[in-house]
Amino acid sequence: MKFNVSSSKLFSQLQAVSRVINSKNALPILDDVLFDLAGNELRLTASDGETTIRTSVEVEGVEGSGKVASAAKLLLETLKEFSEQPLAFTIDENNFAVNMVSQNGTYSFVGVNGNEYPEMPEAEGDAKVVNMPAGVLQSAIEKTIFCTADDELRPVMNGIFFDIAEDKVTMVATDAHRLVRYTNEGVKAGVAASFILPKKPANLLKNLLAKADEDVKVTFGAKNARFEFGNTIVVCRQIEGRFPNYNAVIPQANQNVVTIDRQTLINACKRVAVFANNGTAQLRLALSENQIKISAQDIDFSTSAEETIACDYNGTPMAIGFKAPFLIDLLSSIASADVLLKLADPARAGLILPAENEENEDVLMLLMPMLLND
């Protein structure tokens, strides 16, 4: 079979699908990308055995049709060095030898019978379907994925929980120390269901959706979740198990409310955190009327730092400890200029919320405190 294709378009689509490939695979063929030629469409498929991505690129000068699996790394490293130009591919259907001709050279390698490549799972018979804008799904993943865990004993916490109601969609991630709940009431699902999306396909979707502007068709059954948008399909195996009751851990009566400029707080926390103990990374936030004193110390190395910044606060004076990287991560994921810190006492979880949410969005973040030595 033969076809001609733009080098830059092929490279772009190969990059998109090849991110799913593991550095080490149980099946050697999973090191490859599947080329499936039918008419003027070349479909590219890559998989790690649990997550599969398929996209397509338009081709010209087509002769014949068929499938061949080609080494992803070899193709990517070759194509990235080309300027935009047409490439002519000729594939021998008997021995799967691939010949690629550019403006200045010829490149030859041997592929594998494409019929041996694992099939992409089809949608399950009892699957439910939800449509949501690409921007909404991308935003939801971006605002939750950093709170997913890496816990072999509790795998349900290693992904994003999709809690779908008829009139809204909620996505939650937690690692037991912090939690993010993202709700969008602009998505009218029309069904009530839930599933857990693993971290790896969530990360892949976050990158792919950044360039998409259409609706995403989300299809999910008992085992797999399928995302279709534009000419791209992502299918992954869901995480099995029951996600924790996230609403039960969110405090409802944190009456001490701080309003503060988000970037000012982030910058101060980053500066002071340099002086925190490497093991605990603890920051101490002492709240008094209209100010927060942020401090940290490392007794082992006799280092300490403190900064006082202005805020809007008229609650009970108190001091609370937080792990610096966790606090900075949560604050950095918020888009609002100001943030609200809702606190009860030094031993209870604190809430971090944007002062202003995006349209139809409601974002709530929870952070467990650290015990202060003093």
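You'll find the side chain of Val216 stays beyond 4.5 Å of the side chain of Asn131, heavy atoms only.
Ile299 shares a hydrophobic cluster with no other residue; no ILVMFWY side chain has heavy atoms under 4.5 Å from its own. Membership of the apolar cluster around Tyr117 extends to Leu27, Ile29, Leu30, Leu34, Val112, as traced through chained side-chain contacts below 4.5 Å between ILVMFWY residues. Hydrophobic side-chain contacts under 4.5 Å tie Phe275 into a cluster, directly or through other members, with Val274.
Considering only residues two or more places apart in sequence or on other chains, Arg181 meets the salt bridge (charged side-chain N to carboxylate O under 4.0 Å, His left out) condition with Asp362. In this view, Asp338 satisfies the salt bridge (charged side-chain N to carboxylate O under 4.0 Å, His left out) rule with no residue, not counting sequence neighbours. Scored by the side-chain contact (heavy atoms from CB on, under 4.5 Å) test, Asp215 finds Pro133 as partners (sequence neighbours excluded). Looking at residues two or more places apart in sequence or on another chain, you find no salt bridge (charged side-chain N to carboxylate O under 4.0 Å, His left out) involving Glu93. Remark: Asp48 pairs with Lys200 by the salt bridge (charged side-chain N to carboxylate O under 4.0 Å, His left out) rule, at least two apart or across chains. Residues satisfying the ring-ring contact (aromatic ring centres under 6.0 Å, His included) test with Phe3, not counting sequence neighbours, are Phe89.
Using a 3.5 Å distance cut-off with no hydrogens or angles, the side chains of Gln291 and Thr308 do not pair a donor with an acceptor. Side chains of Asn360 and Asn184: no donor on one and acceptor on the other come within 3.5 Å.
In terms of modelled atom types and a separation under 3.5 Å, the side chain of Asn207 and the main chain of Leu204 share no donor-acceptor contact. Put simply, the side chain of Glu166 never gets that close to the backbone of Ala192: no donor and acceptor are under 3.5 Å apart.
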**Q.** Step-by-step side-chain hydrogen bond (donor to acceptor under 3.5 Å, both in side chains) determination, Glu84 to Ser6
**A.** CA-CA 7 Å; Glu84 166 56 29; Ser6 157; 3.0 Å; yes
**Q.** side chain to side chain contact (heavy atoms under 4.5 Å, CB included) between Glu307 and Val272, intermediate numbers included
**A.** CA-CA 7 Å; Glu307 281 196 32; Val272 175; 4.0 Å; yes
Q. So Thr45 and Arg54, side-chain hydrogen bond (donor to acceptor under 3.5 Å, both in side chains) or not? Walk me through it.
A. CA-CA 4 Å; Thr45 305; Arg54 175 179 291 163; 3.1 Å; yes
(Q) If you apply the rule side-chain hydrogen bond (donor to acceptor under 3.5 Å, both in side chains), what do you find for Asp163 with Ser194, and how did you get there? (A) CA-CA 5 Å; Asp163 190 3; Ser194 62; 5.4 Å; no
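Within the structure, the ring-ring contact (aromatic ring centres under 6.0 Å, His included) test picks out the following pairs touching residues 283-340 (sequence neighbours left out): His177-Phe326. Judged as a ring-ring contact (aromatic ring centres under 6.0 Å, His included), the pairs with a partner in residues 238-273 (not counting sequence neighbours) are, in order, Phe161-Phe243. Sorted by first and then second residue, the ring-ring contact (aromatic ring centres under 6.0 Å, His included) pairs with a member in residues 180-231 read Phe162-Phe195, Phe195-Phe220; sequence neighbours excluded.
Within 6.0 Å of atom CD in Glu119, 12 or fewer heavy atoms from other residues, nucleotides or ligands are found, so the atom counts as exposed in its surroundings.
For the atom pair CG (Asp312) and OG1 (Thr259), the distance works out to 5.0 Å, reported to the nearest 0.5 Å.
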